[in-house]
2 protein chains.
Amino acid sequence: MASVGPSSPAAAAGLAELGALATDARALVAAARLDRSGWDPAGTPLALVRARGVDDVVRTLEVAHRHRLPVVTRGAGSGLAGAAAAGPGSIVLDLSGMDRILSVDPVDQVARVEPGVITADLDRAAAAHGLFYPPDPGSVAISTIGGNIATNAGGLRGARYGVTRDYVLALDVVLADGTGLHLGHDTVKGVVGLDLVGLVVGSEGTLAVVVGATLRLLPRPVRVATAAAFFASVAEGAAAAVELARAGLRPAVVELVDRPTLEAVDEFRGTRLAARGGAFLLVQCDGFGAEEEITLVEKVLARSATSVRTTLDPDEAQELSAARRDALPAIEARGRVLIEDIAVPRSRLGEAVVAVHAVAARTGAQIYVFAHAGDGNLHPIIVVDPARPAAAEEAADGIFAAALALGGTISAEHGVGRLKRDWAAQELGPASLAVQRGIKDLLDPLGILNPGKVL
Amino acid sequence: MASVGPSSPAAAAGLAELGALATDARALVAAARLDRSGWDPAGTPLALVRARGVDDVVRTLEVAHRHRLPVVTRGAGSGLAGAAAAGPGSIVLDLSGMDRILSVDPVDQVARVEPGVITADLDRAAAAHGLFYPPDPGSVAISTIGGNIATNAGGLRGARYGVTRDYVLALDVVLADGTGLHLGHDTVKGVVGLDLVGLVVGSEGTLAVVVGATLRLLPRPVRVATAAAFFASVAEGAAAAVELARAGLRPAVVELVDRPTLEAVDEFRGTRLAARGGAFLLVQCDGFGAEEEITLVEKVLARSATSVRTTLDPDEAQELSAARRDALPAIEARGRVLIEDIAVPRSRLGEAVVAVHAVAARTGAQIYVFAHAGDGNLHPIIVVDPARPAAAEEAADGIFAAALALGGTISAEHGVGRLKRDWAAQELGPASLAVQRGIKDLLDPLGILNPGKVL
């Protein structure tokens with residue numbers, strides 16, 4: 001197999017010291033250099049390390065640190081912001097092979113896992129004990145716990161159950177120089193020392209490499225109740241989501257789907273959803289009170305919906321949620337996509353969707369919107385026109401600007417990576433950025449961990 | 001009024017620059033120098049600033065920074081670990097006068113507050129909109145939001161609703177040199193940049209001064225169901241709490257009370273609770289499913305309890321919870337107390353109570369235990385014998401050692417302050433401590449913010 005070949009004396013020395021731990025076979029390295037963001041840093045990384053355990057990570061970082069070689073850590077490579085895309089000269093540290101679920105404790109409701117565990121696999125292991133792992137990013141079937149931790153991944157159930165950070169009790173990490181460190185507590189509560197777990201969660205591989213996690217699980221809800229409603233317009237659908245909050249209801253799932261997305265699903269599945277309304281809202285309540293709560297949800301939705309159906313039956317729920325479940329595959333069938341993830345205060349959800357549609361009209365870009373409406377988190381999906389790639393970029397910038405103008409954020413759950421670095425600087429402002437850079441320098445003084453990302 | 005008088009040229013210069021913003025009147029300064037920990041740093045602070053707004057805080061820190069004067073920030077002074085106790089030469093920065101609730105938004109379910117707001121007052125303001133502020137430390141009627149943020153306060157509802165950190169979306173802080181900084185997001189989700197909010201929450205005044213907070217609220221539960229049970233022994237009560245978790249139930253409140261505490265309540269209130277069993281367990285479920293869930297709770301408890309009663313009636317619930325509600329006042333009636341707050345993994349709760357009782361037997365100290373059993377958080381309360389104060393200290397050390405031996409933490413929700421500094425170092429270990437000290441030095445290079453505390 002052709003090898004990449006070291007690009008400098010330091011790279012050659014590092015490669016020699018890594019020995020059999022690393023491969024520089026061009027095909028293997030090339031296969032591990034990108035993520036799902038579409039961002040291509042151009043050029044081939046120096047080498048690939050497929051770690052089988054903590055010792056491999058420690059050794060890789062010791063060598064990288066000694067020779068100042070950049071390290072880009074990756075799990076499944078499902079990231080959407082370019083954090084796991086590796087440039088020339090870097091060592092790709094692949095943790096997807098560290099995929100053991102070490103323990104699931106049904107009384108403490110805690111799981112200990114390696115970072116390469118697929119998120120859905122952890123949830124399945126928890127289910128065997130009557131438990132579940134609440135964070136459920138759209139990528140749950142392919143993304144890893146380590147990647148979820150790196151981005152502080154959210155998901156559909158965020159409005160009620162929160163995000164990855166809320167489920168990480170403790171972390172085993174390896175610092176840039178190869179030092180191992182245990183952060184956090186094995187207890188649900190614990191306030192001794194600064195919250196270093198929170199600092200590492202969402203740091204996208206720039207502060208430390210996560211090699212183990214202690215995660216909270218929760219009792220699996222005894223039942224799930226589903227309501228599915230259509231509205232004449234997306235503004236009315238968004239307003240209905242706001243009314244649910246005003247009524248004091250707290251569903252686990254509140255998903256809004258706009259008309260362009262319904263039309264894409266119709267084309268993809270041969271359905272006629274768009275004929276039923278200009279927006280779709282999927283609401284799920286769970287737990288002991290699900291039945292009573294969904295009845296109240298139905299009442300609120302019925303005030304403005306063109307139709308509402310509710311069910312306690314899981315099969316019927318599957319059928320009712322097709323408009324949401326098939327949204328992304330239906331859009332992806334139309335071309336290469338940029339998946340954005342802005343958030344705004346819940347009360348401004350409707351304005352945000354309207355603003356995104358205005359960006360589409362202005363730039364001529366195809367944009368589809370579905371949203372975790374319960375927490376004001378929109379996913380505008382831009383289908384890139386190969387003839388006009390600049391329109392997609394212009395549209396993304398318009399979407400970010402709209403998010404900030406509405407008091408929101410440019411990334412609710414995917415992270416900054418490389419693609420949103422400039423916008424992140426704008427959102428944070430120079431004073432906050434300076435503190436963040438100070439922390440980065442403290443933990444990674446040579447700047448070898450995922451350089452050029454996030455900050 | 002007699003004045004404290006500056007102790008050095010720097011102190012004199014600082015005091016002069018603060019001018020009318022500060023007072024060095026001995027009686028006023030002395031009244032603001034201690035908290036409820038019982039720790040007395042001896043000597044009188046240099047001056048007291050009663051801040052009326054952000055500008056006062058900025059000016060105080062600018063002056064303190066220029067002259068390297070220590071600043072000890074305080075709210076209500078209800079802290080239990082000595083974090084708000086101020087030594088000689090320091091400036092006491094009292095934020096209790098910054099007590100405005102700036103807004104409560106019923107749709108976004110967000111409140112903006114100043115740090116001096118009393119926690120119960122925020123909850124009352126939320127109630128006017130059908131909302132509540134979930135963290136409910138025992139001190140809720142006297143402690144401030146700023147103090148709750150400083151310690152990452154927990155409370156009775158922690159098992160279901162989490163702790164203060166889970167409700168802080170954004171913070172306005174002033175850094176040691178007087179620079180103002182906005183941290184976090186106004187949205188429920190947000191992953192842009194490192195989690196600086198999490199870093200400041202629980203940092204006990206050592207990293208920055210919190211001058212404003214954006215807090216999440218939740219819809220107030222529609223109903224609360226209560227179960228109260230007695231058990232022959234505290235081991236059986238703790239085991240029942242564990243069985244609730246194993247049964248997949250998730251009450252908002254699971255409070256365990258031991259026999260010495262029941263006897264104290266009996267003496268205090270003239271009741272005969274201890275005649276009914278050696279331990280008491282109070283369980284509350286809330287929300288739409290409360291009634292169904294409490295029925296299942298009752299079934300689990302009835303397997304081993306000597307008696308169980310359940311109710312949906314608020315007045316009866318008040319009556320049933322007297323054994324828990326009166327626990328602390330009843331113990332405090334017996335003498336000066338040290339209130340500890342260890343946590344262990346939930347499955348080891350029974351062992352932890354037994355270990356605390358063994359410490360009492362060994363040291364001869366009077367120790368009472370009640371516990372937020374749902375999250376493994378015990379409050380061993382030591383009544384200090386004035387004739388043998390060393391026994392109380394020995395008992396505290398024994399309790400901390402037991403917590404660590406059981407895989408737990410020495411502080412679940414009160415913080416490290418000054419009293420638990422050495423034990424915190426032991427719990428964290430040198431590598432983690434070094435990182436924490438680095439962050440402290442980064443944010444407060446002159447070490448003027450609450451020096452000698454926590455780390």
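In what follows, chains are A, B, ... by sequence order, proteins preceding strands, each numbered from 1.
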In terms of heavy-atom pairs under 4.5 Å with chain A, the winner among B:D195, B:V188, B:V107 is B:V107
Residue list, ring-ring contact (aromatic ring centres under 6.0 Å, His included) with A:Y167, at least two apart or on another chain:
none
With chain A, the option among B:A343, B:A247, B:G202, B:G408 that has the most non-hydrogen atom pairs under 4.5 Å is B:A343
Is it the side chain or the backbone of A:E413 that comes within 4.5 Å of chain B heavy atoms, both, or neither?
both
A:G193 versus B:V416, closest heavy-atom pair with distance
N-CG2, 4.4 Å
Can you confirm whether B:R346 sits close enough to B:D375 that some side-chain heavy atom of one is under 4.5 Å from a side-chain heavy atom of the other?
no
Can A:V254 and A:H372 be said to form a side chain to side chain contact (heavy atoms under 4.5 Å, CB included), step by step?
CA-CA 6 Å; A:V254 185; A:H372 310 315; over 6 Å; no
For chain B, find which of A:V242, A:V197, A:V191 contributes the most heavy-atom pairs closer than 4.5 angstrom.
A:V191
Contacts table for residues 431-442 of chain A: side-chain donor-acceptor under 3.5 angstrom, sequence neighbours left out:
unit_1: A:S432; atom_1: OG; unit_2: A:Q436; atom_2: NE2; d: 3.3
unit_1: A:Q436; atom_1: OE1; unit_2: B:L194; atom_2: N; d: 2.6
unit_1: A:K440; atom_1: NZ; unit_2: A:T206; atom_2: O; d: 2.6
unit_1: A:K440; atom_1: NZ; unit_2: A:D444; atom_2: OD2; d: 2.7
unit_1: A:K440; atom_1: NZ; unit_2: A:L449; atom_2: O; d: 2.9

Without hydrogens or angle criteria, can the side chains of A:E204 and A:T151 be said to hold a donor-acceptor pair below 3.5 Å?
no
Report, in residue-number order, which members of residues 169-182 of chain B are under 4.5 Å from chain A by heavy-atom distance.
B:L175, B:L181
For A:E243, does the CD atom have more than 12 heavy-atom neighbours from other residues, nucleotides or ligands under 6.0 Å away?
yes
Taking side chain as everything from C-beta outward and backbone as N, CA, C, O, which of these in A:R421 sits under 4.5 Å from a heavy atom of chain B? Side chain, backbone, both or neither.
neither
Please flag which part of B:L296 lies under 4.5 Å from any non-hydrogen atom of chain A: side chain, backbone, both or neither.
side chain
Enumerate by number any residue of residues 155-162 of chain A whose heavy atoms lie under 4.5 Å from heavy atoms of chain B; in the absence of such residues, state 'none'.
A:G155, A:G158, A:A159, A:R160, A:Y161
With only heavy atoms counted, which part of A:D108 is less than 4.5 Å from chain B, the side chain, the backbone, both or neither?
both
Any idea which of B:L455, B:L428, B:L183, B:D186 has the most non-hydrogen atom pairs under 4.5 angstrom with chain A?
B:L428
If I measure from the heavy atoms of chain B, does A:H129 come under 4.5 Å with its side chain, its backbone, both, or neither?
neither
Find the one option among A:A290, A:S347, A:A245 whose heavy-atom pairs under 4.5 Å with chain B are most numerous.
A:S347
Among the options B:V454, B:V163, B:L196, pick out the one with the most heavy-atom pairs lying under 4.5 Å from chain A.
B:L196
Heavy-atom closest pair, residues B:L349 and B:A373:
CD2-CB, 3.4 Å
Sub-4.5 Å side-chain heavy-atom contact between B:P221 and B:F132:
yes
Any side-chain heavy atom of A:E292 sitting closer than 4.5 Å to one from B:E291?
no
Minimum heavy-atom separation for A:R165 and A:G198, please, with both atom names.
NE-CA, 3.2 Å
Nearest non-hydrogen partners of B:P251 and B:L244, listed with the distance
CG-CD1, 4.5 Å
Could you tell me if the side chain of A:Q109 sits less than 4.5 Å from the side chain of A:V104, heavy atoms only?
no
For A:K189, the option from B:N377, B:N152, B:D341 that meets side chain to side chain donor-acceptor pair (under 3.5 Å):
B:N377
Closest heavy-atom pair and its distance - B:P345, A:T187:
N-CG2, 3.6 Å
Pick from A:P219, A:G289, A:A412, A:A424 with the largest number of heavy-atom pairs that fall under 4.5 Å of chain B:
A:A412
Please classify the contact between A:I342 and chain B as side chain, backbone, both or neither, with a heavy-atom cut-off of under 4.5 Å.
neither
Before you tell me yes or no, could you show the steps for B:V224 and B:C285 under side chain to side chain contact (heavy atoms under 4.5 Å, CB included), namely the whole-Å CA-CA distance, both residues' side-chain angles and the distance that decides it to 0.1 Å?
CA-CA 6 Å; B:V224 176; B:C285 300; over 6 Å; no
In terms of heavy-atom proximity below 4.5 Å to chain B, should A:V192 be classed as side chain, backbone, both, or neither?
both
Closest non-hydrogen atoms of B:V344 and B:A352, given as atom of the first, atom of the second and distance, are CG2-CB, 3.9 Å
For chain A, the option from B:R246, B:R220, B:K420, B:E293 that forms the most heavy-atom pairs under 4.5 Å:
B:E293
Output the option from B:L218, B:L249, B:V222 having the highest count of non-hydrogen pairs under 4.5 Å with chain A.
B:L218
